Protein chains: 2
Amino acid sequence: MSLDYILLGLLREPASGYDLKAVFDERIHYFWPAELSQVYPAMQRLEDKGLLRSREAPAKRGPRRRVYQTTAAGHRVLRQWLDESPELGDERIGFLAKVYLMDELRDLSKTRQYFRELREICATRLEELQAIERGWAAQDPHYPDALSARMFHVSLTLRKGLSSLATHVKWCDESLRRIEARMGKERSNGRTIPRHTLDSHRGGHHRTDRVLDSRSRKQGRPAAR
Amino acid sequence: MSLDYILLGLLREPASGYDLKAVFDERIHYFWPAELSQVYPAMQRLEDKGLLRSREAPAKRGPRRRVYQTTAAGHRVLRQWLDESPELGDERIGFLAKVYLMDELRDLSKTRQYFRELREICATRLEELQAIERGWAAQDPHYPDALSARMFHVSLTLRKGLSSLATHVKWCDESLRRIEARMGKERSNGRTIPRHTLDSHRGGHHRTDRVLDSRSRKQGRPAAR
DNA sequence: GACATCTATATAAAGAGTTATATAGTTCTT
DNA sequence: AAGAACTATATAACTCTTTATATAGATGTC
């Protein structure tokens, strides 16, 4: 489970669960969100395994704190994980699932509206990340050169966020262009065409419409992965 | 839960659990993977709620099949979900978590090797999607124009996959350039510098190194989201 | 006929993640 | 002095997902 390794990595410098939550919400959540209710038991488990150690720390401003830190064994486990080959992993992208099925609404103006909102959300997050990068550049006259090893690797992930979100926005724009072009055609074909027959009007050769038809697939690949 | 809505969407055309698994592994898994052990109970639950109906179907080649289909109530629930505003949602991107922490290995050639492998994985998947698009283009002389509403929306999601993976590959290439430039500098600075002091050699002004330091954050935003 | 493979459904158990709730000291404001 | 807001830890209940296991008919092959 990646959360365990992320904790081992973050706790190379000592921190409490509460501290970590702030770090997750500030930086890590872009690629791995976590709740306090997940972090506290995970830290206990990792301490039981000898991968973390903890101590009571004097609190500056609040109640008692329990501060955790990665042990030598924890470092070894972390390094072993980091040394494994990359995997693309399972991504669950809810907004794509919706687009995939959105023909059900039979109303392109709703699809258009969806993409307009999505574009704004992505653009806002892109600005968030750009602000982080500007902050780094303001603090460090050499940025993005001459970084410490730590910051160099972190900056690699920031660049990923920046390029991904820029691509998101571009995809929304491209989609909006396609949607609007299609809406133009729909209008010129006449509004009065009953919607449930629209598809067949537009040439009946769409064998690929049968997205769900399992008989059309080339070969039964094994169900297991 | 999105899986339920995806099932309502896919079962607008009747299919068995086994059929659906093939559809998931062929297309849907790019944005929402699912196992049979999740699909079967989910379909039963949705039938209990009246959103799906099922019947025994004669099997052409195997044992008995139970074929499910979305009811009118199911269509309504699906449409209601589709009509909600988009959300970016929580993405868990394991390969980014690794890069974020990979300074722990203190060996840039390992980081480089990681990116080389990741690049190959992404390029392979990109080719997969390009092959799907070529297949569509071969079947339909007008592609990507004059699509049915169904295929139009599906093609919007395919374009997302294509642009995302192309960006992945470009990010890997950019990262490899940066890593190699850095390795060049490391060599010219002399191999004999003890690794644990390398950071301080390279200008001690990196306040942003303290990624974990919660005291440096601007304001305590509420822990809740 | 034995064995492997494919089609097909189903459930149990374990693991991962979210939401809700409880507790309590500290600090700041009114 | 009261109350709100913040710091801090913890657990329970629930939901979602994965992995493992069981069953069994149909088909193909050696």
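Everything quoted here is computed from the prediction, not taken from an experiment. Order of the sequence lines sets the chain letters (A, B, ...), proteins ahead of strands, with each chain counted from 1.
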Between A:R66 and A:E56 (salt bridge meaning N to carboxylate O under 4.0 Å), is one present in this structure? yes
Scan A:R45 against the nucleic acid and name what it touches under 4.0 Å (heavy atoms): base, sugar-phosphate only, or nothing.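 The answer is nothing, as A:R45 stays clear of every strand by at least 4.0 Å.
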With no hydrogens and no angle check, is any side-chain donor or acceptor of B:E104 less than 3.5 Å from a backbone partner on A:L78?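 No.
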Is it true that a side-chain atom of B:R92 and a backbone atom of A:P33 form a donor plus acceptor pair closer than 3.5 Å? yes
Expressed in angstrom and rounded to an integer, what is the separation of [X] atom [atom1] from [N] atom [atom2]?
X: B:L7; N: D:dT17; atom1: CG; atom2: C1'; answer: 14 Å
X: B:D90; N: C:dG17; atom1: CG; atom2: P; answer: 11 Å
X: B:Y5; N: D:dT15; atom1: OH; atom2: P; answer: 14 Å
X: A:L20; N: D:dT7; atom1: CG; atom2: P; answer: 15 Å
X: A:M1; N: D:dT17; atom1: CE; atom2: P; answer: 16 Å
X: A:F24; N: C:dA16; atom1: CZ; atom2: C1'; answer: 13 Å
X: A:D4; N: C:dA14; atom1: CG; atom2: P; answer: 18 Å
X: A:E56; N: D:dA8; atom1: CD; atom2: P; answer: 12 Å

Any side-chain heavy-atom pair from A:K160 and B:F95 closer than 4.5 angstrom? yes
Quick check: do B:D140 and B:W136 have side-chain heavy atoms less than 4.5 Å from each other? no
For D:dC16, does either OP1 or OP2 sit under 4.0 Å from a side-chain N or O belonging to B:R92? no
Residue of the set B:W32, B:Y5, B:F31 for which ring-ring contact (aromatic ring centres under 6.0 Å, His included) holds with A:Y100: B:F31
Would you tabulate the pairs of protein nitrogen or oxygen atoms and nucleotide nitrogen or oxygen atoms of nucleotides 9-14 of chain D closer than 3.5 angstrom?
unit_1	atom_1	unit_2	atom_2	d
D:dT9	OP1	A:R66	N	2.6
D:dT9	OP1	A:R66	O	3.3
D:dT9	OP2	A:Y18	N	3.0
D:dT9	OP2	A:Y40	OH	2.7
D:dT9	O5'	A:Y40	OH	3.3

Which nucleotide in the set D:dT18, C:dT18, D:dT17 lies at the smallest distance from any side-chain heavy atom of B:E35?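 Of all the options, the side chain of B:E35 is nearest to D:dT18.
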Before you tell me yes or no, could you show the steps for B:E84 and B:Q80 under side-chain hydrogen bond (donor to acceptor under 3.5 Å, both in side chains), namely the whole-Å CA-CA distance, both residues' side-chain angles and the distance that decides it to 0.1 Å? CA-CA 7 Å; B:E84 286 164 18; B:Q80 204 184 335; 5.6 Å; no
